[in-house]
Amino acid sequence: MKKILNYINGELIEPQGQKYIDNYEPATGEVYSLIPDSDHKDVELAVKAAKEAFSSWSQTNKEVRSSYLRKIAEKIKDRQEEFATAESRDNGKPLSLASKVDIPRASHNFSFYSSAIIHFASESHQMELGAINYTLRQPIGIAGCISPWNLPLYLFSWKIAPALAAGNCVVAKPSEITPYTAYLLSEVCVDIGLPKGVLNIVHGYGHKVGSAITEHPEIPIISFTGGTQTGQTIAKVAAPMFKKLSLELGGKNPAIIFEDCDYDKMLETTLRSSFANQGQICLCGSRILVQESIYERFKNDFVAAVKQLNPGDPKAKTTKQGALVSEAHMQKVLAYVKLAKEEGGQVLCGGHQVDLSADGLNGWFVQPTVIEGLDQNCRTNQEEIFGPVVTISPFKDEGEAIAKANSTKYGLAATVWTENLSRSQRMAEQIHAGIVWVNCWLLRDLRTPFGGVKQSGVGREGGFEVLQFFTEPKNVCIKYDK
Ligand code: NDP
């Protein structure tokens, strides 16, 4: 069986302890490769390699760093189908989604930061008395990058690319649930001759590899994307060590639909924003709030469309719904459907596992689910489910929509549907979230800062802001005679 290897000091190597974890294919429920079950010894090796590489990588001309990143971007593009197939197999997501969205966007992360580092500038401030201050931005050292399973390569590259561009060396851990594209990335780095030790990828569990990275005294900067609870654990470890920390965490995003929206566009996009990647995108809308005058119409049309979203073989070109990422995750999602019923919700469609064993698919498929009749304060509407389950509820006016939208501990993203420009601005100002999409969803301009508020995270990724995060500012003040 294929063994995935760690990428440390420029080489693909076995874990020190020679232990492996089974890698399951979500669509079939079968083990198809083995993942290193690494531990602190492997992290130690990676830190040693990164430390040795840092003195020259941090001094490397930024055009040179830029050209390595561009080469990585191009190689991912060249091997796009291979990457997409691996991601679909590892994650259960439709191949079409992996090849149209995840992999091109991952390649773009490298090409964007290849270019951004060239244009990255620092500030200067002149004082009338005859002094000039400028901010020297220097690479920090070793960055620890930890990412989740839902958009495996995209989120991994979203951290690694700016960290490397800024002149840091990286010790990174992908989710052990979806390790394959990170492994292909390490092959690409070997292929393009990325200097050894600059990027190190250590596979394994969060409680072993992840915590060894966050606890390591020689890793002063941690960029983490994942669940809010894991973020809290990491913050507790990192805070007393005064590590620089960026946390991109969970969400419970509202989609707010006003009666004056462009109805057809809204309906089509709301289907996508609810169920793309089986609802396993942190930015998916899971609470749909609909103005009461169009609530019944929306409910009927939406449920009819959702019923057409039948899960199928992720490899098939026509499949729009694949498998959930693991059996444990599927059980969690189904437990929430049960909870929703106990809380008084009516399941309008879906809510059950789908049996595709006749097609040789014994994996973890769940029928997209719509639930109504729940109070915003119940657990189903307050806790992140992260699967193909949405609730719908009516609201009267803007005030009620905002109150409902802001009623959770999360603040990652929101979508507003209205043709009234002033209303869209009022809503954007009052919704407490890191991103508000008006009449669209998942449109991303990499120049803009990205991240959540409240318990959806601290810090910002994207744009030049993340290059600031990955550098240390030093003010230099020069006095001159007037
Ligand atoms: P987890 O928090 O379970 O895991 C994320 C990563 O952290 C994994 O690599 C995991 O390893 C690792 N990890 C787990 N425990 C520790 C630890 N103690 N120390 C260090 N690392 C650890 O999240 P999921 O992988 O389940 O991803 C889903 C979550 O990610 C959802 O809540 C979703 O909202 C959020 N997310 C947020 C995004 C954002 O931009 N705000 C974007 C995408 C997802 P292992 O796999 O072994 O557990």
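Atoms within a ligand are numbered from 1 in the order they appear, just like the ligands themselves. Values in this document were obtained by computation on a predicted structure and should not be read as measured data.
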Run the ring pair (Phe, Tyr, Trp, His ring centres under 6.0 Å) check on W158 and F112 step by step: do they pass?
CA-CA 10 Å; W158 183 231; F112 179 83; 7.9 Å; no

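- With sequence neighbours excluded, the residues satisfying salt bridge (charged side-chain N to carboxylate O under 4.0 Å, His left out) with D191 are K75.
- Residue pairs satisfying the side chain to side chain donor-acceptor pair (under 3.5 Å) criterion with at least one member in residues 36-49, sequence neighbours excluded, are listed as follows: N6-S38, D37-K208, D39-K41, E44-H216.
- Proximity of S211 to ligand 1 is established by a heavy-atom distance of less than 4.0 Å.
- In terms of polar-atom proximity, defined here as any N/O pair under 3.5 Å, S175 does make such a contact with ligand 1.
- An N or O contact shorter than 3.5 Å links W149 to ligand 1 by distance.
- Nearest protein neighbour of atom 40 (O) of ligand 1, counting heavy atoms only, is F450 CE2, 3.3 Å.
- Nearest to atom 8 (C) of ligand 1 by heavy-atom distance, out of C145, G206, S147, G226, is S147.
- Looking from atom 2 (O) of ligand 1 to the surrounding protein, the closest heavy atom is T230 OG1, 2.6 Å.
- Shortest contact from atom 20 (C) of ligand 1 to any protein heavy atom: G210 C, 3.2 Å.
- Of all atoms in ligand 1, listed by their number and element, those nearer than 4.0 Å to a heavy atom of C282 are 34 (O), 36 (N), 37 (C), 38 (C), 39 (C), 40 (O), 42 (C), 43 (C), 44 (C).
- Here is the list of ligand 1 atoms found below 4.0 Å of a heavy atom in L155: 42 (C), 43 (C).
- Cation-pi geometry between K2 and Y32 is not met at under 6.0 angstrom from the ring centre and within 45 degrees of the axis.
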